[in-house]
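The block underneath contains the structure these notes are about, expressed in structure tokens.
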Amino acid sequence: MKISEFFLPTLKEAPSEAKVISHQLMLRSGMIKQSSAGIYSWLPLGFKVLKKIEDIIRKEQDSIGGQEILMPTIQPADIWVESGRYEDYGQEMLRIKDRSNRELLYGPTNEELITDIFRTHLKSYKDLPLLLYHIQWKFRDELRPRYGVMRGREFLMKDSYSFDLDLEQSRLTYQKNFLSYLRIFARLGLKALPVKANPGPIGGDLSHEFVILAPNGESDIFFDKTLLELDPLSKENYSDKNIIDKAYNKWAQCYSVTDDIYNEKEYNQFVSPENRTNSRAIEVGHVFYFGTKYSKSMGANIINNKGESVNVHMGSYGIGVSRLVGAIIEYSHDDKGIIWPINVAPFSVGILNLKNGDEYCDRMSELIYQNLLIAGVEVLYDDTSERAGSKFANMDLIGLPYQVFIGLKSKETGLFEIKERSTNKRYFLALDSLINHLTEIFN
RNA sequence: CGGGGAGUAGCACAGCCUGGUAGUGCACUCGCUUUGGGAGCGAGGGGUCGGAGGUUCGAAUCCUCUCUCCCCGACCA
């Protein structure tokens, strides 16, 4: 993509409404436009990042047997009446009526819908286990939306729902999803930690939040430092129950809790003094087992191998996709702008023609651009006639992992400067090795 | 929902107290000079001052109502 043709409305100054850094940077880099409080339009640059995150999640979920579906944003009230949550949910739920006065709602979550799908179509234990997920917009009418997309009212979420015959199978499903989440966040370029969440009445120990450490986080977490050293991308084969169990326990047995269930005595008992640490954190995912809560109230039954009808055991696994965009920026930026982790960057490489109009610079920029495109590298070429300084600033702001400079220096030496955004490391390469080098990194 | 703040050009803001033809910087257009870290000079374009009502000869400015946005708190992926 050439910047001269790309819709990229960047700003030098951040709109005053934005207070946290990720929100400011998203507005300045032209990723989003606020529509109303907590509701945003996603412009091309932001939308690309959103899609990248979705794709990573999708691949990982598919790899543990998840099947993608898509449920509607608008739901009928009656299934919520049935589950008992129509009353319970309160004002966070956006309730609407259609032209014939039927009660509808904009879904804040999808347990009712998925349970309804399940009970209609699945009858036998032979159909289990089943893991369905979708990536869909949700709406919660928050008392106070804030922090840009990290706490919007409308937000994109991946949620999965698992169906198992009993608690034991459900636990295995839970563990698989837990490990899948670790891989997802690692592939997004994040250090995510599982944290024991408030278990509620049903879940027992099967409830974790996944958080990333960032100073603008909404909650405090207390944890054992050894968590930071565990490898989320372990190459172990997770098809064996015992291996899954072992891998899961390695993580789950490490102490980490949110401040709302923090207990000093317990903390001191389970964590040695040198390993105790705490940090602000942003919640980006949540996994939990909720047993038969919805299958019971909504009659989602399965016939087991003894011919008995039993309530199916369910779990739910959420990732805040749109929130992650903000969270990643909170986690990865500097005073110049965003620093995208490679896997979620909207483009991999930015080409800066520092002397637009110079025959050599124009020709070489175009050549590098075309060669990278052919090699399958996602590249954004700044072909505008802006001054060099403003191109540097703009490219640093939008945070692409690599920048290539073509200027009069290249004309003299035949070498092109490459800058690595995250480390500010710079080096010079000739045309062929430059193309090879970048192609290798991104393939 | 309680407490606080703000709505004036795409963005940041001044003007309001003390009513009298709406301004500055950035951005945008044109010209000249410049050209490896957000250039300089000159010339332009763009605003029913959030909305409604009122006071007044006259309202961005004073009064009343209203909408929206932001911040702190309780609540949340």
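Just so it is clear: chains get the letters A, B, ... in the order the sequence lines come, proteins before strands, and each one is counted from 1. Here the structure is a predicted model, which is why all the values come from computation and not from measurement.
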Between [N] and [M], how far apart are the two [atom1] atoms, rounded to whole Å?
{"N": "rG25(B)", "M": "rU66(B)", "atom1": "P", "answer": "39 Å"}
{"N": "rC49(B)", "M": "rG7(B)", "atom1": "C1'", "answer": "10 Å"}
{"N": "rA6(B)", "M": "rG45(B)", "atom1": "P", "answer": "33 Å"}
{"N": "rG51(B)", "M": "rA9(B)", "atom1": "P", "answer": "11 Å"}
{"N": "rG44(B)", "M": "rA52(B)", "atom1": "C1'", "answer": "36 Å"}
{"N": "rA14(B)", "M": "rG50(B)", "atom1": "P", "answer": "14 Å"}
{"N": "rC17(B)", "M": "rG73(B)", "atom1": "P", "answer": "35 Å"}
{"N": "rU48(B)", "M": "rC11(B)", "atom1": "P", "answer": "14 Å"}

Let me know the distance between [atom1] of [X] and [atom2] of [N], rounded to the nearest Å.
{"X": "Q24(A)", "N": "rA12(B)", "atom1": "CD", "atom2": "P", "result": "11 Å"}
{"X": "D362(A)", "N": "rU35(B)", "atom1": "CG", "atom2": "P", "result": "17 Å"}
{"X": "N394(A)", "N": "rG36(B)", "atom1": "CG", "atom2": "P", "result": "17 Å"}
{"X": "D382(A)", "N": "rG37(B)", "atom1": "CG", "atom2": "P", "result": "15 Å"}
{"X": "L415(A)", "N": "rG36(B)", "atom1": "CG", "atom2": "P", "result": "19 Å"}
{"X": "I418(A)", "N": "rG36(B)", "atom1": "CD1", "atom2": "C1'", "result": "16 Å"}
{"X": "L397(A)", "N": "rC11(B)", "atom1": "CG", "atom2": "P", "result": "17 Å"}

Paired with [N]: which nucleotide, if any, by Watson-Crick or G-U wobble criteria at under 3.5 Å for both distances?
{"N": "rU18(B)", "answer": "none"}
{"N": "rC30(B)", "answer": "rG42(B)"}
{"N": "rG53(B)", "answer": "rC63(B)"}
{"N": "rU35(B)", "answer": "none"}
{"N": "rA12(B)", "answer": "rU24(B)"}
{"N": "rG2(B)", "answer": "rC72(B)"}
{"N": "rU48(B)", "answer": "none"}

With a 3.5 Å cut-off and no angle check, do the side chains of N356(A) and S385(A) form a donor-acceptor pair?
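The criterion, which ignores hydrogens and geometry beyond distance, is not satisfied for S385(A) and N356(A).
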Output one line per pair: protein atom, nucleotide atom from nucleotides 25-34 of chain B, and distance, for all N/O pairs under 3.5 Å.
residue, atom, partner, partner atom, Å
rG25(B), N2, E13(A), OE1, 3.3
rU34(B), O2, R387(A), NH1, 2.5

Salt-bridged, [X] to [Y], with N to O below 4.0 Å?
{"X": "R58(A)", "Y": "E68(A)", "result": "yes"}
{"X": "R187(A)", "Y": "E60(A)", "result": "yes"}
{"X": "E13(A)", "Y": "R28(A)", "result": "no"}
{"X": "R146(A)", "Y": "E218(A)", "result": "no"}
{"X": "D358(A)", "Y": "K411(A)", "result": "yes"}

Toward the 5' end of RNA chain B, by each residue's nearest nucleotide, P15(A) or G407(A)
P15(A)
Once you apply a heavy-atom cut-off of 4.0 Å, does [X] come out as touching a base, just sugar-phosphate, or nothing?
{"X": "K33(A)", "answer": "nothing"}
{"X": "K336(A)", "answer": "base"}
{"X": "D159(A)", "answer": "nothing"}

Please report whether the ring centroid of F178(A) lies less than 6.0 Å from that of F210(A).
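Ring centroids of F210(A) and F178(A) are less than 6.0 Å from each other.
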Is the gap between the ring centers of F347(A) and F442(A) under 6.0 Å?
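When the ring centroids of F347(A) and F442(A) are compared, they turn out to be at least 6.0 Å apart.
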Please list, chain by chain and in numerical order, all residues satisfying side chain to side chain contact (heavy atoms under 4.5 Å, CB included) with L213(A), sequence neighbours excluded.
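With neighbours one apart ignored, the set is L193(A), I221(A), F223(A), L228(A), S279(A), A281(A).
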Could you tell me if the side chain of I79(A) sits less than 4.5 Å from the side chain of L113(A), heavy atoms only?
yes
Please verify the inter-ring angle class for Y360(A) with F416(A); under 30° counts as parallel, over 60° as perpendicular, anything in between as tilted.
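Rings of Y360(A) and F416(A): parallel, as their planes differ by under 30°.
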Tell me if the side-chain of R28(A) makes a donor-acceptor pair with the base of rG10(B), cut-off 3.5 Å, by modelled atom types.
no
One character per nucleotide, please: for nucleotides 69-77 of chain B, 5' to 3', B when the base has a protein heavy atom closer than 4.0 Å, S when only the sugar-phosphate does, - otherwise.
SSBBBBBBB
